[in-house]
Each structure stands twice: as C-alpha cells, then as structure tokens.
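For reference, positions follow the sequence shown, starting with 1.
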Amino acid sequence: MAEHKIKYDRQLRIWGELGQVALEKASICLLNCGPTGSETLKNLVLGGIGSITVIDGSKVDEGDLGNNFMLDESSIGHPKAKCVCSFLQELNDSVNAKFIEEYPEKLLESNPSFFAQFSLVIATQLMENSVVKLDRICREANIMLIIARSYGLTGLVRISVKEHAVIETKPDHFLDDLRLNNPWPELKSFADTIDLNTPDPVAHKHIPYVIILVRIAEEWEKSHGGTLPSTRDEKKEFKELIKSKMAAIDEDNYKEAIEASFKLFAPRGISSNLQKIISDNRVELDSTSSDFWVMVAALKEFISNEGGGEPPLEGSIPDMTSSTEHYVNLQMIYQAKAEADYQIIESKVRNILKTIGRDTQSISKAAIKSFCRNARKLTVCRYRSIQEEFTAPNSSELQKYLTDEDYSLAVGFYILLRAADRFAANYNSFPGQFDGEMDEDISRLKTTAVSLLNDLGCNGTTLTEDLINEMCRFGAAEIHAVAAFIGGIASQEVIKLITKQFIPMSGTFIFNGIDHKSQLLSL
C-alpha cells in the first residue's frame with residue numbers, strides 16, 4: 001500500500017483514494033491506436049487505469065514511425081494494436097492490457113454487444129457513420145463514450161453519455177458554507193458566550209470573524225426589522241458598524257470580518273442549479289434508480305423538512321485569526337452540525353432503499369458522507385446524441401458561431417471535419433491525401449461543405465477559401481504534436497467521467513492549431 005501511494009502520490013492529491021480506486025476498477029476500450037489514441041491511453045496507463053483493450057486492424061508501416069513514439073523500426077509489419085499495447089504495458093505493469101487485431105468498423109457491424117463490457121469507450125479517427133453507430137450502441141448499453149480526432153492542425157473531442165452526475169465537482173471558487181445569515185441554535189449559543197466588548201486586548205484580537213459577524217448581524221437585525229443588509233448603502237453601513245467595534249487598528253480578525261461580510265449578504269436557501277436537480281423527474285424513484293438519484297430524493301426531503309430550506313452543512317471552516325480554543329470549539333460545532341445532518345440524510349437514504357426494494361446497505365456510508373459534504377455543488381450533465389447533433393443541431397447557435405469572428409474558425413473546422421468524412425465516403429480518400437489532385441479536391445471539398453451547410457439549415461453560408469485550402473493541405477495527416485494535445489484533453493475528460501469528479505466539458509471541443517485557440521461549440 002505504501003508503494004502504491006508513492007507511485008500515485010501526485011494524482012492522489014487531486015482526486016483522492018476514492019478517485020484512484022475508481023480508475024483502477026475501470027475498463028477502457030480504445031478504437032484505433034494511431035498517435036491520437038496512443039497518446040490518450042498513455043496518459044491513462046500512467047495514471048493507473050485498471051484495464052485497456054486496444055482495437056486496431058492495421059499493420060505498422062514506415063509512415064507510423066514519424067508520428068507515433070510508441071512504435072519503432074522493429075514494429076514495421078506487425079499488428080499496430082499489439083505493438084502499442086506492448087509499449088503501454090511497459091509504462092505501468094499494474095495495468096491489464098489486451099489487444100484485438102480487428103478494424104473497429106467491422107467490429108461495430110459484426111459484434112455490437114462487444115462494447116457493453118467496458119466502463120468507457122474512446123473512439124479515435126472514426127468517420128461520421130461509424131461514430132453515429134457506436135454512439136447508438138453505447139447509449140443503449142449505458143456505456144460512456146469519448147470521441148477524439150486529430151486532423152492536420154485541428155482536432156476535436158466530444159463526450160457522449162445520456163447522463164453523468166457529479167458529486168465532487170471541486171469548483172475553483174465557491175462560497176464557504178458558514179450559514180452566517182442563518183445560524184443554527186448551537187452556533188448562536190456559542191457566539192453569545194463570547195464578549196465582543198472584552199477589555200482584554202489579546203482576547204479581543206482573537207475572536208473569530210465568524211463570531212463577530214454572527215453577533216453584529218444579530219445586532220443589525222434588531223434595529224432593522226429582522227432583515228440583513230441588502231442595498232449597497234446598507235452593506236457599506238454594516239461594514240462601518242464592524243469597523244466601529246475595533247479596539248485597535250491592528251486587529252486582523254475585525255479586518256477579516258469586514259472582508260468576509262459578503263458571505264453574510266448571500267441569499268439563504270439553495271441555488272437555482274440545486275433546485276433544478278431536486279425538481280428533476282428522476283427523483284421519482286424505482287428499483288432501477290441510480291445511487292445518485294436515491295440520495296437526491298433523500299436530500300429533497302431533508303431540505304423541505306429538517307433543513308428548513310437549506311442543504312446539509314458541509315462542516316468545515318476556513319483559516320482565520322482566532323485563539324486556538326475558540327477555533328477548535330467553532331470547528332467542533334460545525335462538525336457536529338454536519339454529522340447530525342448526515343445522520344438524518346443517511347436514515348432517509350436507508351428508508352428510500354427499503355421502499356424501492358433495494359438492499360438498504362447498498363449505498364455506503366462514505367458515499368452518503370461525500371454526497372452531504374458536496375450537496376450544494378452537485379451537477380448533472382446530459383449530452384445530446386451524436387445523431388441529434390449531426391442531423392438537428394442547435395441552428396441558432398450554429399448561425400451565431402458562423403457569423404461571430406471569434407468562433408468562425410472553430411465552427412469552420414467543425415464543418416470541414418464533417419465535410420471531409422462525406423468527401424471520403426464519396427471519393428474513397430480524404431481531400432488532399434494524394435499528390436496531383438489538390439485543385440480538384442479543393443473544389444470538391446467546397447461543394448461538399450456548402451451541401452452540408454444547406455442540410456444544416458444554413459443556406460447561402462460559405463466558408464473562407466483559405467480555410468478550405470488549409471483543410472486540403474492537411475491531407476488527413478495525424479501530426480504528433482496535435483495528436484498529443486487532443487489525447488491530453490481526451491484523457492483528462494476520461495478521468496473526470498471515471499472518477500465522477502470535476503465537471504466534464506459540454507459541447508464539442510475544437511482545437512485550432514493555426515491560431516493556437518481552443519473553443520467549445522454547443523450544438
């Protein structure tokens with residue numbers, strides 16, 4: 001165990017033991033192991049993913065040596081899947097690595113149920129028709145799918161999953177859960193035991209700002225009809241009131257109280273996002289409901305009853321100027337309230353599980369505690385199917401992107417990547433792939449792109465000649481630098497989905513290597 005912690009020390013600091021366990025239990029399938037796929041898997045193997053299965057029917061040729069660092073001259077003529085798999089296994093012998101020498105397109109036709117055994121499928125360098133088929137198969141089997149593609153100096157990454165619930169969203173900035181504007185009895189009682197007017201200068205300097213704000217807020221409410229500051233002038237007046245309580249100019253605790261007063265002004269209750277989640281029709285449970293929705297149902301009951309409109313308390317407090325005694329006592333009060341809220345939620349979860357006919361212990365205490373600790377930050381992501389995006393995109397967004405100078409190149413590459421697939425389906429090669437046909441390919445690609453835009457309801461819209469020319473110059477090449485970048489983005493999203501931590505990106509991620517820009521398109 002010690003060796004395991006040393007091996008994965010850096011990442012354990014990011015997603016913790018639970019996240020690492022989820023990774024080590026995951027089973028990943030990669031379709032096509034060119035540089036984009038190989039780079040994606042490399043990152044996951046180094047991170048300790050449980051098992052990988054590489055699907056690729058091609059043999060290694062000399063061209064592969066120029067853009068795939070996992071192949072060398074001794075690999076030429078051998079199955080690409082076997083060579084890449086062997087290299088990846090050397091990077092981390094804890095990973096179970098397998099390969100199948102088969103073209104993904106054939107496997108989609110001959111054995112669609114094959115994909116149901118995996119946690120997640122990564123599809124790289126697949127053409128449009130195959131992507132649509134694979135997405136339909138994965139959705140029917142509730143398997144997560146990530147599509148990644150690099151093409152010359154552009155590339156894309158797209159997540160496709162019916163629903164993905166995230167408990168540990170880990171936002172960069174989020175208001176501390178201190179309940180300064182709605183203190184519970186134990187916090188108020190503790191605050192009342194502390195004398196804000198103590199003549200002892202050392203004691204006065206070490207009253208925690210939480211107590212200062214609770215006491216001064218109570219004083220304010222008595223003289224303002226039971227309401228807290230709401231207007232700009234009132235907030236300014238409240239800060240002056242705090243300042244007036246200072247006994248000396250060097251009292252950092254009072255300065256902290258002034259700086260943290262915005263936490264007191266925050267509205268009570270739950271956010272609109274959390275309200276949307278607890279109002280979702282998935283809260284109507286049955287025996288097939290996921291653990292997440294069972295806990296959301298318990299949360300909804302708690303907010304309506306014991307919580308008094310609030311979610312369970314997180315139970316942690318930030319650093320602040322304080323005596324050790326006050327800080328420890330305050331910490332214990334917050335932890336006790338969080339534990340009491342957790343006990344209520346746990347009881348509700350067990351009762352709900354019994355009601356829907358599931359094992360009452362099927363959701364662990366650790367999972368419920370994590371849910372309670374992160375209840376304010378829950379997120380549910382839902383993604384349109386690839387078929388829906390391709391046949392009925394959000395036309396208003398598409399038109400906006402096409403006319404917006406900031407997005408025109410990104411959406412241009414998106415359209416041209418799809419047009420290149422149509423081109424290949426019609427002419428059995430990608431535009432610019434063969435010397436001597438460049439001028440004809442440019443004309444054909446332009447016609448194909450216009451046709452695609454018309455199909456998407458963008459009649460009369462055209463793309464710039466320069467962009468079409470560039471797309472033909474790419475010749476469908478997988479440039480290693482671009483493939484490594486796209487692979488990095490794809491593997492990052494895999495980790496988010498597998499660990500159920502951090503919020504995965506929504507929409508289609510487009511990389512523009514010409515201008516070194518990355519953008520998300522919501523289509």
Counting only heavy atoms not in [X], do more than 12 fall under 6.0 Å of its [atom1]?
{"X": "L18", "atom1": "CG", "result": "no"}
{"X": "N459", "atom1": "CG", "result": "yes"}
{"X": "F174", "atom1": "CZ", "result": "yes"}
{"X": "N129", "atom1": "CG", "result": "no"}

Atom [atom1] of [X] and atom [atom2] of [Y]: how far apart are they, to the nearest 0.5 Å?
{"X": "L156", "Y": "I147", "atom1": "CG", "atom2": "CD1", "value": "8.0 Å"}
{"X": "C138", "Y": "D135", "atom1": "SG", "atom2": "CG", "value": "7.0 Å"}
{"X": "Q125", "Y": "N32", "atom1": "CD", "atom2": "CG", "value": "7.0 Å"}
{"X": "L445", "Y": "R422", "atom1": "CG", "atom2": "CZ", "value": "12.0 Å"}
{"X": "M70", "Y": "C83", "atom1": "CE", "atom2": "SG", "value": "12.5 Å"}
{"X": "I49", "Y": "K25", "atom1": "CD1", "atom2": "NZ", "value": "13.0 Å"}

What pairs meet the salt bridge (Lys or Arg N to Asp or Glu O under 4.0 Å) rule with one or both residues in [range], with sequence neighbours excluded?
{"range": "residues 36-54", "answer": "E39-K42"}
{"range": "residues 66-90", "answer": "D64-K80"}
{"range": "residues 459-468", "answer": "K446-E465"}
{"range": "residues 390-413", "answer": "E397-K400"}

Tell me whether the guanidinium CZ or amine NZ of K496 lies under 6.0 angstrom from the six-membered ring centre of F502 and within 45° of its axis.
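Verdict for F502: no cation-pi partner in K496.
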Do [X] and [Y] touch side chain to side chain, with heavy atoms closer than 4.5 Å?
{"X": "C85", "Y": "L88", "result": "no"}
{"X": "D61", "Y": "I76", "result": "no"}
{"X": "S38", "Y": "F87", "result": "no"}
{"X": "V21", "Y": "W15", "result": "no"}
{"X": "D359", "Y": "L353", "result": "no"}
{"X": "L41", "Y": "L44", "result": "yes"}
{"X": "V482", "Y": "Y151", "result": "no"}
{"X": "L398", "Y": "L456", "result": "yes"}

With respect to E163, which candidate in R384, R382, K500 satisfies the salt bridge (charged side-chain N to carboxylate O under 4.0 Å, His left out) definition?
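When salt bridge (charged side-chain N to carboxylate O under 4.0 Å, His left out) is applied between E163 and each of R384, R382, K500, only R382 qualifies.
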Residues K59, E101: salt bridge by 4.0 Å N-O rule
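Salt bridge between K59 and E101, a charged N being under 4.0 Å from a carboxylate O: yes.
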Looking at R418 and D455, does any basic side-chain N land under 4.0 Å from a carboxylate oxygen?
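No, no charged N to carboxylate O under 4.0 Å.
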Considering residues at least two apart in sequence or located in another chain, which fulfil the side-chain contact (heavy atoms from CB on, under 4.5 Å) criterion with [X]?
{"X": "E470", "answer": "R473, F474, I514"}
{"X": "N67", "answer": "P35, E478, H480"}
{"X": "A375", "answer": "L299, P311, P312"}

For K377 and E314: C-alpha separation, side-chain torsions, deciding distance, then whether salt bridge (Lys or Arg N to Asp or Glu O under 4.0 Å) applies.
CA-CA 11 Å; K377 308 163 191 170; E314 288 181 23; 3.6 Å; yes
Could you check I122, I55, D56 and say which one makes a side chain to side chain contact (heavy atoms under 4.5 Å, CB included) with L31?
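When side chain to side chain contact (heavy atoms under 4.5 Å, CB included) is applied between L31 and each of I122, I55, D56, only I55 qualifies.
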T53: side chain to side chain donor-acceptor pair (under 3.5 Å) partners, not counting sequence neighbours
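Expected list: none.
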Counterpart residues, side chain to side chain donor-acceptor pair (under 3.5 Å), relative to Q501 (two or more places apart):
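Expected list: K170.
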I need the full list of ring-ring contact (aromatic ring centres under 6.0 Å, His included) pairs touching residues 504-523, with sequence neighbours left out, sorted by first then second residue.
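Found F485-F511.
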Which ring-ring contact (aromatic ring centres under 6.0 Å, His included) pairs, counting each pair once, include a residue from residues 365-413, with sequence neighbours left out?
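Checked against ring-ring contact (aromatic ring centres under 6.0 Å, His included) - neighbours excluded - the pairs reaching residues 365-413 are Y401-Y407.
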What heavy-atom pair brings S58 and Y103 nearest, and what distance separates the two atoms?
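That closest heavy-atom pairing would be CA-OH, 3.7 Å.
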Any side-chain donor near an acceptor of the partner, E389 and T508, under 3.5 Å
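Present: a donor and an acceptor within the cut-off.
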Is a side-chain donor-acceptor pair under 3.5 Å present for S279 with Q275?
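Short answer, yes.
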I need the full list of side-chain hydrogen bond (donor to acceptor under 3.5 Å, both in side chains) pairs touching residues 430-442, with sequence neighbours left out, sorted by first then second residue.
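Sorted result for residues 430-442: E440-R444.
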After noting the C-alpha distance and the side-chain angles of K276 and D280, does the key distance pass the salt bridge (Lys or Arg N to Asp or Glu O under 4.0 Å) rule?
CA-CA 6 Å; K276 186 178 178 183; D280 196 285; over 6 Å; no
